[in-house]
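In this chain, residues are counted from 1 in sequence order.
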Amino acid sequence: MRVVTTSPYDYRIHYQETGVVWKLSTFFLSHIPFDKEELFFLCIGTDRSTGDALGSLTGSYLTESSSFPFPVLGTLETPLHALNLQQRLDEIMIINPSAFIVAIDACLGQGNSVGQLLFHNGPIQPGKAVGKDLPPVGNVAIKGVVNTAGFMEHAVLQSTRLHLPFEMSKVIGRALQLAYRRKNFII
């Protein structure tokens, strides 16, 4: 596999690419303001659906690390999902109106995109693949293509093997931690 840069703000790389953690951390350094005090990571998803667990798995990975100092909402224990997303966004905006939000979520895509990690400059629309009308989330977004779209998306998410979102979440978490550590050495 190769790294594909689709525009100055969009980035795509397979989670098994050689050096993926370093490459992602380098990209994150130039697109996520790790020096901003009001930096939040919203890890969207639920552990009730294996395909939709990417965000919660990533959130759990990040919160288990004492070296990642930023607020993380959405873990396996306390998921950030359709039922509480708007409320949590409202709480953040009331307390921190200038918050910079990094949204992390699973998505469905074409068969040849499964396993790709995507970075998007701008908000994502969580739940879109399964027909939910949720608020847009994030100044930037990290998405992981966990399975194919096009037919019976709820069933596809339910039948996605947990191994893929689990491995992808570790790559995202490690890359975010590395980017933060590298930022501290650069300054």
Side-chain angles (χ1 to χ4, degrees), residues 1-28 31-32 41-62 72 74-76 79-82 85 101-179:
M1 289 263 169
R2 65 184 180 91
V3 177
V4 178
T5 304
T6 55
S7 78
Y9 302 106
D10 291 333
Y11 186 77
R12 162 186 300 254
I13 188 169
H14 195 274
Y15 83 101
Q16 292 178 319
E17 170 88 24
T18 301
V20 65
V21 171
W22 183 265
K23 292 173 185 176
L24 270 176
S25 75
T26 300
F27 188 80
F28 292 163
H31 290 85
I32 298 174
F41 290 83
L42 272 59
C43 302
I44 303 162
T46 178
D47 61 341
R48 293 179 183 245
S49 170
T50 54
D52 196 30
L54 176 70
S56 298
L57 287 163
T58 306
S60 290
Y61 185 90
L62 291 172
V72 175
T75 63
L76 290 172
L80 182 62
H81 49 63
L85 181 61
I101 296 174
V102 178
I104 301 170
D105 198 7
C107 67
L108 299 175
Q110 297 177 350
N112 62 353
S113 294
V114 173
Q116 296 283 317
L117 297 170
L118 313 170
F119 184 91
H120 176 68
N121 186 27
I124 57 170
Q125 192 73 42
K128 185 176 179 182
V130 291
K132 293 190 179 182
D133 184 27
L134 299 174
V137 180
N139 298 87
V140 298
I142 302 167
K143 302 182 280 187
V145 183
V146 297
N147 213 327
T148 56
F151 183 69
M152 296 180 55
E153 280 80 2
H154 281 287
V156 168
L157 284 172
Q158 292 291 347
S159 64
T160 298
R161 288 191 61 227
L162 183 59
H163 177 75
L164 180 61
F166 178 72
E167 292 300 318
M168 293 172 82
S169 72
K170 290 192 305 187
V171 168
I172 294 167
R174 288 176 184 151
L176 287 168
Q177 290 173 325
L178 180 59

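The nearest pair of heavy atoms linking Gly55 to Cys43 is O-CB, 2.9 Å. Heavy atoms only, all atoms of each residue included: Leu24 and Leu117 are closest at CD1-CD1, 3.6 Å. In plain terms, the two heavy atoms of Leu164 and Val145 that are nearest each other are CD2-O, 4.1 Å. Between Cys107 and Lys143 the shortest heavy-atom distance is SG-CB, 4.0 Å. Counting all heavy atoms, side chain and backbone alike, Pro126 lies closest to Leu85 at CG-CD2, 3.8 Å. Of all non-hydrogen atoms in Ile13 and Lys23, the two that sit nearest each other are CD1-CD, 3.8 Å.
Under the side chain to side chain contact (heavy atoms under 4.5 Å, CB included) criterion, Leu162 pairs with Thr50, Ala53, Leu57, not counting sequence neighbours. Residues passing the side chain to side chain donor-acceptor pair (under 3.5 Å) test with Asn147 are Thr160, sequence neighbours excluded. Listed by chain and residue number, nothing satisfies the ring pair (Phe, Tyr, Trp, His ring centres under 6.0 Å) test with Tyr15 (two or more places apart in sequence, or in another chain).
Other residues, nucleotides and ligands contribute over 12 non-hydrogen atoms within 6.0 Å of the CD atom of Glu167.
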Ile44 vs Ile124, side chain to side chain contact (heavy atoms under 4.5 Å, CB included): CA-CA, chis, key distance, verdict:
CA-CA 11 Å; Ile44 303 162; Ile124 57 170; 4.2 Å; yes
Step by step, work out the side chain to side chain contact (heavy atoms under 4.5 Å, CB included) result for Ile172 and Leu54.
CA-CA 10 Å; Ile172 294 167; Leu54 176 70; 4.2 Å; yes
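Between the side chain of Ser56 and the backbone N or O of Gly45, at least one donor-acceptor pair lies under 3.5 Å.
Atom CD of Glu17 sits about 9.0 Å away from atom CD of Gln116, to the nearest 0.5 Å.
Using a 4.5 Å heavy-atom threshold, the side chains of Ile142 and Phe28 count as touching. A 4.5 Å side-chain heavy-atom check between Thr148 and Leu108 finds every atom pair outside the cut-off. Within the 4.5 Å cutoff, the side chain of Ile104 has heavy atoms near those of the Leu176 side chain.
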